[in-house]
Amino acid sequence: MSRMISKKIVFGFWMMCLLIPNLGAQYFERLYGEPDFLEGGIGCYQFDNGRIFLVGHRNDGPFGRTDILVYKLDSEGNVDDEFIFGTSDSDYPNSIQVVADRIFIFGETTNSQTISKRGFLAEIDTLGNLLRLEEFGTPGKNTQFNAGVVEGEQIYFCGYISGDSGSNDVLVQAIDEFSGNGWKFIRKDSLNEVANSIGIFPNGQLIVACDKQRSDGKYNVLLISLDRKGRLVWELDVPVIYNGGSKKLIINQNGNAVIVGEMSTPSSPSFDMYLLEINQSGEKLKEIWITGTSESDAAFSILEPASGSYLLTGYGFNPAKNQTDIPVVSVDSNGKIIAQKYYGRDGFDIAYDIRNAKESRGFLVAGTVGDGSDSQMALIFDKIDLSTGTNFTLKPQIELPISVAVSAHEKIIHFNTELSNGLISVYDLSGRLFLRLHNFSGSQLQLPPTITTGYYLLKIEKQGRVKNISIFVP
C-alpha cells in the first residue's frame, strides 16, 4: 500500500482570474493553478458561511505524480487557503459528497509503472484537516471509484473492478465509517460495464447509474437498484440503437432518479445531452435527447434549482469560438431549452459538477480549462433567471463529415472515410493531451498503450474545420 500523506500550503498559489461583467452580485469565472503544472477541477460546494471549496488534482505534486488539490475560497472566489495531499502514486479525484462539515472525495490511485489502479476514499473537514485517505483494491485487478454517497455511518461508492475475461465489471461497495465492515456487489459480464453515479431513493434503496457495452462495441445505460445489504432489487437495461452512456444522477423533488449523460442521435454520430427519469420501482418515465449542435455535446452534471427545471453542464461545441467549451443549459422537465451560456477560454474546456450557490437562483460550476499543454481548475459563479432566461443564438458552423467507431476488444479507431493530412488530437476528460498526430492519413488509428480504459475526446482538424467526438476506449 502506498504511503498516505497530507500537506497544507498557505497562499502558495498562482491564480489566473477572468471576471465576467455583471450588474449587482459579483458573479465570476476564475481559474486556479500554478505555472508549469497541470490542474483540473472536479467538484465544488458552498457552505452556509459562504466559504467555497473547490476540489481537483495537480500533476507533479509534492507527494506523487498527481495529487489531490483543494482550494478554500471566500464567497467572491478569493483564495483563503490551499491544501494538497495524496499517496506516492498518482491520485485522481472523480467526485465529492458533502455531509455537515466534512467533504468526502472518491477517486482512483494509479501506479505509473504498472498502470494498475486502486479506488480511494478521502475525507477532509472545513479546516482542511485530512481525516482519512484509504485505498481499496484486489491484488491483480484494477479498481476505480467514480462516485459515492454518505448517509449516517454508511459510505457507499461505485465504479468498476477488472473482470476475469479482461473486461471491467460494475462495482458497488459499502463500508461502515467507524468499523470498516461492509459488502461488495459485483455485476459480472463478458463485456465492459462501469458504474458512474450512485444515489439513495426515498424508500432507502440505492440507485446506481452504469454504462453497459453491447456486442457491437457501443454503450447504453444500465440502472441497478440494491438494498442496503448489497442485494439486487431490480435492474433496468435502457436499450438504444445509438452509442452513449450515463455520467451523473440526482434524486429530484418528486423522489425520482434523474440521470444525465450523452447519446448519439438518429441524424448524427456525435453526442447530444441525454436525460432519463425513473421511479423507485425501476419504471422509465422519461427519455430525452437535448439537441445541441451537430458536434458533440454532453451532460456530466445536473442540478434541480426548482421543481420541474434543471441546469445541466458538461462540455459542448461553441460555434462562436469553434471549440469545446463549458455549457450551462437550463431546461424544463421535458428537456426544452430555456436558456444556455458558454464559459471557458481558448482550448478544451469541460465541467464535472454543478451545485446550488447560497444566493437565490445562483449556481457554482467546477471544471477544467486548458489547451492540452496547460490546464487549470475552473470555478464559475453565475445566475440564470429561470422565468426569463437569456437565449443565446448560435452561429451556423461548418463541420467535418466524419464519424468513428472504436473496436470493442482493440484500441483501434475506425473512421468512416479516408483521412488525408489531418491533425488528430486525443485528450482525456481532464484536458490532458495524450496523442497528437500532424498530417495524419488513413482510415484507422491504432492508439498507444498509454491510453487506458476510459472516456476521451477525439479532435480532428483539417482546413479550418473541426470535429470533436467523445469516444470510449475499452
Side-chain angles (χ1 to χ4, degrees), residues 94 108 142 144 146-147 158-163 165-172 186-198 207-224 235-249 257-276 278 284 287-290 292 295-302 312 314-315 350 352 403-416 426-429 447 451-458 468-474:
N94 290 322
E108 62 194 86
N142 288 325
Q144 176 172 316
N146 290 325
C158 68
Y160 72 78
I161 185 170
S162 55
S165 64
S167 61
N168 295 319
D169 294 329
V170 165
L171 169 67
V172 184
I186 300 174
R187 187 184 190 277
K188 295 183 178 293
D189 195 275
S190 60
L191 298 177
N192 281 314
E193 294 184 348
V194 177
N196 295 316
S197 190
I198 186 169
I207 172 65
V208 185
C210 314
D211 288 352
K212 175 182 179 181
Q213 188 180 33
R214 305 195 316 238
S215 59
D216 62 1
K218 296 180 180 179
Y219 285 79
N220 284 168
V221 175
L222 171 69
L223 301 171
I224 297 172
E235 63 178 47
L236 175 65
D237 192 357
V238 188
V240 180
I241 64 173
Y242 313 111
N243 184 42
S246 64
K247 285 296 182 292
K248 186 70 68 73
L249 71 81
V258 180
I259 301 97
V260 293
E262 56 194 0
M263 190 68 67
S264 57
T265 67
S267 59
S268 172
S270 299
F271 290 115
D272 277 332
M273 291 184 172
Y274 180 66
L275 184 148
L276 287 168
I278 62 165
K284 184 174 71 174
E287 183 178 26
I288 299 169
W289 278 259
I290 300 169
E295 295 283 348
S296 283
D297 306 281
F300 279 14
S301 188
I302 179 173
L312 282 63
Y315 70 84
I350 188 167
Y352 297 98
S403 62
V404 303
V406 182
S407 298
H409 300 289
E410 298 175 299
K411 295 179 180 179
I412 298 178
I413 297 176
H414 299 272
F415 301 95
N416 70 333
V426 178
Y427 302 89
D428 72 1
L429 296 187
L447 296 173
I451 296 181
T452 58
T453 298
Y455 286 93
Y456 295 85
L457 180 78
L458 172 67
N468 293 293
I469 304 174
S470 179
I471 60 174
F472 184 85
V473 176

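Everything quoted here is computed from the prediction, not taken from an experiment.
Taking 4.5 Å as the limit, every side-chain heavy atom of Glu193 sits out of range of all side-chain heavy atoms of Asp169. Taking 4.5 Å as the limit, every side-chain heavy atom of Val473 sits out of range of all side-chain heavy atoms of Thr453. Using a 4.5 Å heavy-atom cutoff, the side chains of Tyr160 and Asp211 are not in contact. Put simply, the side chain of Tyr242 does not reach to within 4.5 Å of the side chain of Tyr274, judged on heavy atoms. The closest side-chain heavy-atom distance from Lys284 to Leu276 is below 4.5 Å. Residues Gln144 and Asn94 have side chains in contact (heavy-atom distance under 4.5 Å, counting atoms from C-beta outward). Ile302 is listed as a side-chain neighbour of Leu275, based on a closest heavy-atom distance under 4.5 Å.
The heavy-atom pair separating Lys247 from Ser197 by the smallest distance is O-CB, 3.8 Å. Residues Cys158 and Ile198 approach most closely at SG-CB, 3.9 Å, considering heavy atoms. The two residues Ala257 and Ile207 make their nearest non-hydrogen contact at CB-CG1, 4.2 Å. The nearest pair of heavy atoms linking Leu312 to Ala299 is CD2-CB, 3.8 Å. Scanning all heavy atoms of the two residues, the minimum distance from Lys218 to Ile241 falls at NZ-O, 3.8 Å. Contact record, Tyr219 with Met263: O-SD, 4.5 Å, taken as the closest heavy-atom pair.
For the atom pair Arg187 CZ and Ile161 CD1, the distance stands at 15.5 Å (nearest 0.5 Å). Atom CG of Leu249 sits about 10.5 Å away from atom OG of Ser301, to the nearest 0.5 Å. Note: Leu222 CG to Asp189 CG = 9.0 Å, rounded to the nearest 0.5 Å. Separating the CE atom in Met273 from the CD1 atom in Ile288 is a distance of 13.5 Å, to the nearest 0.5 Å. To the nearest 0.5 Å, atom CD1 of residue Ile471 and atom CD1 of residue Ile413 are 4.0 Å apart. Atom CG of residue Asn142 and atom CG of residue Asn168 lie 7.5 Å apart, to the nearest 0.5 angstrom.
For the pair Trp289 (side chain) and Phe271 (backbone), a donor-acceptor distance under 3.5 Å is absent. Here the side chain of Arg214 pairs a donor or acceptor atom with the backbone of Val240 at under 3.5 angstrom. Between the Asn192 side chain and the Ser167 main chain, no donor and acceptor come within less than 3.5 Å of each other. Lys212 contributes no side-chain N or O that, together with a main-chain N or O of Asp237, makes up a donor-acceptor pair within less than 3.5 Å.
When the options Val194, Ile259, Asn220, Ile224 are evaluated for a side-chain contact (heavy atoms from CB on, under 4.5 Å) with Cys210, the one that passes is Ile224.
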